[in-house]
Amino acid sequence: MGQTKSINGQDLREMFAAATTWLEKSSADIDALNVFPVPDGDTGTNMLLTMRSTIEEAQQATDHSISGVSQAMAKGALVGARGNSGVILSQIFSGLSQSLADKESITGKELADALTRASTVAYAGLSNPVEGTILTVIREAAEAAKAHAATVSDDVVLVVEATVNAAKESVANTPTLLPVLMEAGVVDAGGQGLYTILEGALHYLKGEMEQLKLRRPWMVASSVPLTAKAPQMVGVEEVPYGYCTNFVIKGEGLNPDKLRKRLEKRGESVIVVGDDSVVRVHIHTLDPGDVVSYVVPLGTLHQISIRNMDEQHRDFIEMQKERMPAVEVAIVAVVVGEGLSNVFASLGATFIVPGGQTMNPSTKNLLQAVDLVASEKVIILPNNKNIVLTANQVQSLTQKTIEVVPTTTIPQGVAALLAFDYEADMETNAQNMNKAKAAVKSIEVTRAVRSTRLGGLDIKKKQAIGFLDGDLVAVGDKPDAVVQDVLTRVKLDEAEVITIYYGADTTSAEAEQIVAAINEQHSQLQVEVVQGGQPHYNYIVSVE
Amino acid sequence: MTVKIVTDSLGDIPSEVAEELGITVIPLNVLFGEGIYRDGVDLTTEQFYQKLIKSKVLPTTQIPSLGVFVQTYDELAEETQEILVIANSHKLSASYEAMVQAVGQMKRQCRVEVIDSQWVLMAQGLIVIAAARAAKSGASLDELMALTRKNIPRTDARMVLDTLNYLEEGGRIGKARAFLGSRLKVTPILGIRDGEAFPFAREHSRARAIDHLYDFATSFTHIDEMAVEHATTPDEAEMLAKRLKAKFPKTHIYRSMVSPVIGAHVGPRVLGVAVLGDRG
């Protein structure tokens with residue numbers, strides 16, 4: 001790689017033209033990431049359209065200095081900006097042009113300063129800057145550029161490379177800053193878009209034209225694993241998103257800061273950027289008419305765009321569905337305990353109905369769940385002996401086709417769920433799941449609620465009692481000792497995996513002691529400890 | 001004149017098989033930190049996985065420059081008038097695109113046809129091997145294209161992965177994203193549908209996941225070609241191949257190693273079975 005001490009106006013135009021081509025290749029993937037502030041799935045498209053307008057203007061610039069080109073780009077970005085990320089992107093170009101004013105060409109250090117300015121201007125356009133978005137990415141990228149230019153090298157390519165690396169890391173980190181991203185298991189779409197633009201510019205500077213042509217941009221993976229959210233029993237009340245309203249005001253003596261404050265009362269995600277003669281407005285509002293009427297006296301309106309975000313959101317949901325395997329069959333599972341619910345949700349249960357030993361759901365509860373899921377075919381996992389009958393009644397009350405896989409314990413339910421095949425039809429799946437459930441041994445340990453004599457065992461109140469596949473087989477004072485007692489009744493030599501779900505009143509340290517004891521005698525076994533959080537049962541253990 | 005068969009290194013065709021059947025394999029590149037390695041040429045599969053396990057930086061992969069494809073075609077055109085190029089799935093890499101573009105830039109006159117196999121790994125490899133055999137016994141380019149198109153839907157494969165992390169990190173997760181986020185340690189069994197990774201099953205232990213591969217292979221009633229491949233677990237591959245050989249004593253089972261380019265996306269300890277044949 002040759003040394004590149006400085007770049008001029010033509011370089012600036014060409015590198016962002018390349019960036020636009022690069023962004024175009026992944027704009028659909030970026031659309032699919034979009035969950036914040038409104039999951040309407042258009043971030044990639046909006047950023048691309050903004051970039052196109054930016055480049056068109058740059059190509060018409062008569063002043064070919066970096067100052068002249070950057071002014072043209074800022075103008076093109078401002079008039080062409082679409083959506084939240086597009087408007088913030090236009091602010092970034094505005095900041096760049098401010099810093100590059102009167103310059104013919106720039107060094108790496110000057111570029112780092114310009115990026116820093118771009119970051120400041122981007123933040124200034126918003127009344128409530130949110131971290132974990134494109135803002136964080138431009139800020140951290142600019143910081144890295146500055147640090148690199150100050151301490152390592154003034155070479156433009158190396159500075160941009162440091163910027164791109166920092167941007168990538170920043171994008172991967174967005175879910176830790178913005179909970180809505182964490183829940184969806186995605187990175188911020190606007191941040192990914194900015195990273196892609198910077199990376200495209202870097203490819204150009206490195207002369208990697210073939211890469212630009214034949215490769216595709218990298219989608220940054222979230223630095224935190226996807227945490228599937230347990231489905232809600234009661235549907236969340238639907239809040240309408242309203243209309244995404246965008247326009248440009250041209251006039252005299254405009255005051256963007258004042259206008260922003262006024263508009264904040266009329267909607268959300270308000271961005272107002274520009275100067276005293278041209279102002280771009282982006283706002284999410286339930287009443288776009290009110291917003292437009294308010295600004296009409298200020299000047300002339302241009303590029304008015306009003307889009308129904310609820311409609312966009314529906315399209316987005318459809319698009320997301322296409323990215324997952326088509327699931328014709330939904331699974332409704334009866335589970336209690338946060339940890340266990342998470343396990344079922346993470347393994348693909350469509351709907352969790354809370355319930356278990358002392359909390360049997362009614363037929364109506366199950367029916368509601370069956371009716372709420374989108375699929376016409378539903379498999380129910382009752383996961384308890386007392387709920388199997390209830391589940392069997394659901395079929396007579398619904399038009400949907402129901403298959404009950406009569407799991408009587410949590411381990412059976414997990415085994416059945418693991419056997420679910422995204423490609424198979426409902427019948428095959430029910431068969432596979434029944435087979436899988438039969439292959440697992442379930443151990444449950446709880447405290448006796450009263451003194452009694454059962455199965456030849458004398459039990460005192462509050463003693464720990466252990467069941468193997470529903471039969472009472474052991475009693476003792478300590479739950480962990482009872483688990484081990486029951487384990488001696490299972491052929492562990494033939495087993496491969498033991499999973500221990502410890503309850504709400506049990507510590508992980510105690511559970512780990514059981515693991516140590518098992519490992520001592522059966523080193524071939526894979527033992528996993530999971531916080532089940534279930535009430536009443538100290539331990540639920542599966543042996544496979 | 002025999003039709004020449006060209007493919008890329010993602011088909012994992014063992015070099016001795018490629019040599020015997022006259023298959024030209026274009027290596028793809030693996031970028032590991034500063035180094036660029038040609039798949040299977042500069043870096044053996046063993047060396048690659050040792051690096052992969054130790055390295056903190058994940059490798060990335062790229063296709064070679066267009067010139068490499070053009071040159072390969074031009075060189076072959078000195079010996080033949082017809083070339084069949086079989087690419088890996090265009091949804092997983094840009095090979096297909098480059099292979100098609102390269103045809104237009106050839107200097108020599110030669111009929112070149114490019115087919116997207118919609119597969120990678122030995123599933124792609126078996127399709128190529130079947131074409132090369134037919135070419136050797138004198139099939140025309142048109143016949144080979146018809147055969148290959150017929151064989152693509154007759155091919156299927158499954159692989160056991162240790163983790164989905166590499167696939168996710170590399171942006172090739174496809175619909176297998178449905179298996180992400182599991183709170184239990186499960187072993188995913190993936191295949192390919194419509195050219196991208198597809199989640200077929202998951203098992204709670206690796207031993208059972210391998211049983212799943214066996215069940216998959218034995219679900220075929222007629223087998224043209226079969227292959228078992230691995231990355232870092234030769235013993236497991238050996239055991240599985242033996243079990244399958246006992247079930248299908250007349251079938252030759254190709255043994256191969258997952259190429260570094262695919263290895264960078266699926267991670268170590270991948271074990272797979274590919275079959276070209278018919279079910280029921």
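These numbers come from the heavy atoms of this one structure, side chains and all, not from hydrogens, waters or symmetry mates. Numbers restart at 1 for each chain; the letters A, B, ... are given by sequence-line order, proteins then strands.
Contacts of A:Val530 with chain B are made by side-chain atoms alone, with heavy-atom separations under 4.5 Å and no backbone atom involved. Only the side chain of B:Arg193 comes within less than 4.5 Å of a heavy atom in chain A; its backbone stays farther off. For B:Ile63, the part sitting under 4.5 Å from any heavy atom of chain A is the side chain, from C-beta outward, and nothing else. Both the backbone and the side chain of A:Glu544 come within contact range of chain B, with heavy atoms under 4.5 Å apart.
Heavy-atom pairs under 4.5 Å with chain A were tallied for B:Ser65, B:Ser95, B:Ala201; the largest tally goes to B:Ser65.
Note: B:Arg279 CZ to B:Thr218 OG1 = 10.5 Å, rounded to the nearest 0.5 Å. Here B:Asp39 contributes atom CG and B:Leu10 contributes atom CG; the two are 6.5 Å apart, rounded to the nearest 0.5 Å.
The two atoms that bring A:Val335 and A:Ser341 nearest to each other are CG1-N, 3.7 Å, heavy atoms only.
If you run side-chain contact (heavy atoms from CB on, under 4.5 Å) between B:Leu190 and each of B:Leu167, B:Val270, B:Ile173, only B:Leu167 comes through.
In this structure, B:Phe216 has its ring center no closer than 6.0 Å to that of B:Tyr214.
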